[in-house]
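Letters go in sequence order (proteins before strands), and every chain restarts at 1. Worth knowing before you read on, the calculation uses all heavy atoms, side chains too, and leaves out hydrogens, waters and symmetry mates.
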Amino acid sequence: TQLLEQSPQFLSIQEGENLTVYCNSSSVFSSLQWYRQEPGEGPVLLVTVVTGGEVKKLKRLTFQFGDARKDSSLHITAAQPGDTGLYLCAGRGQAGTALIFGKGTTLSVSS
Amino acid sequence: NAGVTQTPKFRVLKTGQSMTLLCAQDMNHEYMYWYRQDPGMGLRLIHYSVGEGTTAKGEVPDGYNVSRLKKQNFLLGLESAAPSQTSVYFCASSWGYNEQFFGPGTRLTVL
């Protein structure tokens, strides 16, 4: 069974601080996605990474896929209150399998 | 486009009652999914479908049944609700095993 471990589970920071969220597994994934979920809504896709070592940037968010495609990280620079939410990583194993979700990181950014 | 819609938004059941959750998507997606989300557990896949008339079990299928009679609809049934099925249920759809688009969720309480 493939598992994705996310850390930390909770993160509470001040506006302007930087943070990193980690998503780790002992299994290899063909691709990995990051979703963001706001209270009372469904998750929304932020990015998909496919190639080992790949780095993608989305404004103040930087996503990295590990060289071995077993882990990923999400780094937020100068966090803002609008970044508050639940961040979920989701990996796809062998071709043709459904996504496996991590348990999520709840981020709270206060002004 | 409405995207993915779910009916109802909220429901309270007594133990042993049955109900059906309806998911509809207007994006012509082949793949549809049902997840449940519990605090600290992330998203867990209940059942999914890769096309009209086909369904498959996910990680936590026990106590649930599904049907995909029309491409745009995916129904989740609880034949005899139990308190352990109290959760927030999310439906999602996708083109193949790519980005998943989520509905707003159904909050179910079983007393």
Side-chain angles (χ1 to χ4, degrees), chain A residues 1-11 21-25 27-50 56 58 63 69 72 74 85-108, chain B residues 2-10 21 23-25 27 29-51 54-61 66 68 74 87-108:
Chain A
T1 302
Q2 293 178 301
L3 294 174
L4 275 170
E5 300 287 340
Q6 277 190 248
S7 62
Q9 187 176 359
F10 298 99
L11 198 51
V21 176
Y22 299 93
C23 180
N24 296 302
S25 176
S27 303
V28 175
F29 290 96
S30 59
S31 65
L32 196 135
Q33 300 178 346
W34 284 92
Y35 289 80
R36 178 167 168 264
Q37 183 180 16
E38 297 193 21
E41 298 182 7
V44 176
L45 181 71
L46 294 173
V47 77
T48 300
V49 286
V50 179
K56 281 191 174 180
L58 186 65
F63 304 85
R69 291 184 288 132
S72 180
L74 158 60
L86 176 66
Y87 290 81
L88 295 157
C89 65
R92 183 169 315 291
Q94 301 168 0
T97 60
L99 285 175
I100 297 167
F101 280 84
K103 294 183 178 180
T105 294
T106 299
L107 171 65
S108 175
Chain B
V4 179
T5 58
Q6 293 183 232
T7 308
K9 287 189 167 74
F10 303 93
L21 281 66
C23 175
Q25 53 95 4
M27 296 173 282
H29 287 165
E30 287 290 338
Y31 292 33
M32 296 187 74
Y33 314 82
W34 275 108
Y35 294 91
R36 60 177 291 173
Q37 187 173 40
D38 302 292
M41 298 297 292
L43 284 166
R44 291 185 291 171
L45 184 64
I46 304 171
H47 286 280
Y48 65 101
S49 168
V50 299
T54 70
T55 62
K57 293 181 180 180
E59 179 187 356
V60 289
V66 289
R68 183 97 181 270
F74 196 27
S87 187
V88 181
Y89 291 86
F90 286 99
C91 175
S93 68
S94 68
W95 278 112
Y97 288 114
N98 297 311
E99 174 186 0
Q100 294 189 9
F101 293 83
F102 286 82
T106 294
R107 187 174 295 275
L108 175 66

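- For Gln9(A), the part lying near chain B is the side chain, with the backbone staying farther off; criterion is any non-hydrogen pair under 4.5 Å.
- One finds the CG atom of Leu43(B) at 8.0 Å from the CG atom of Leu86(A) (value rounded to the nearest 0.5 Å).
- For Gln6(A), no part lies under 4.5 angstrom from a heavy atom of chain B.
- Listed options Gln6(B), Gln37(B), Arg107(B), Lys9(B) were ranked by heavy-atom pairs under 4.5 angstrom with chain A; first place goes to Gln37(B).
- Phe101(A) meets the ring-ring contact (aromatic ring centres under 6.0 Å, His included) test with Tyr35(A), Tyr35(B); sequence neighbours excluded.
- Defined by atom type and a distance below 3.5 Å, a donor-acceptor pair is missing between the side-chain atoms of Gln100(B) and Gln33(A).
- Contacts of Asp38(B) with chain A are absent, with no heavy-atom separation under 4.5 Å from either backbone or side chain.
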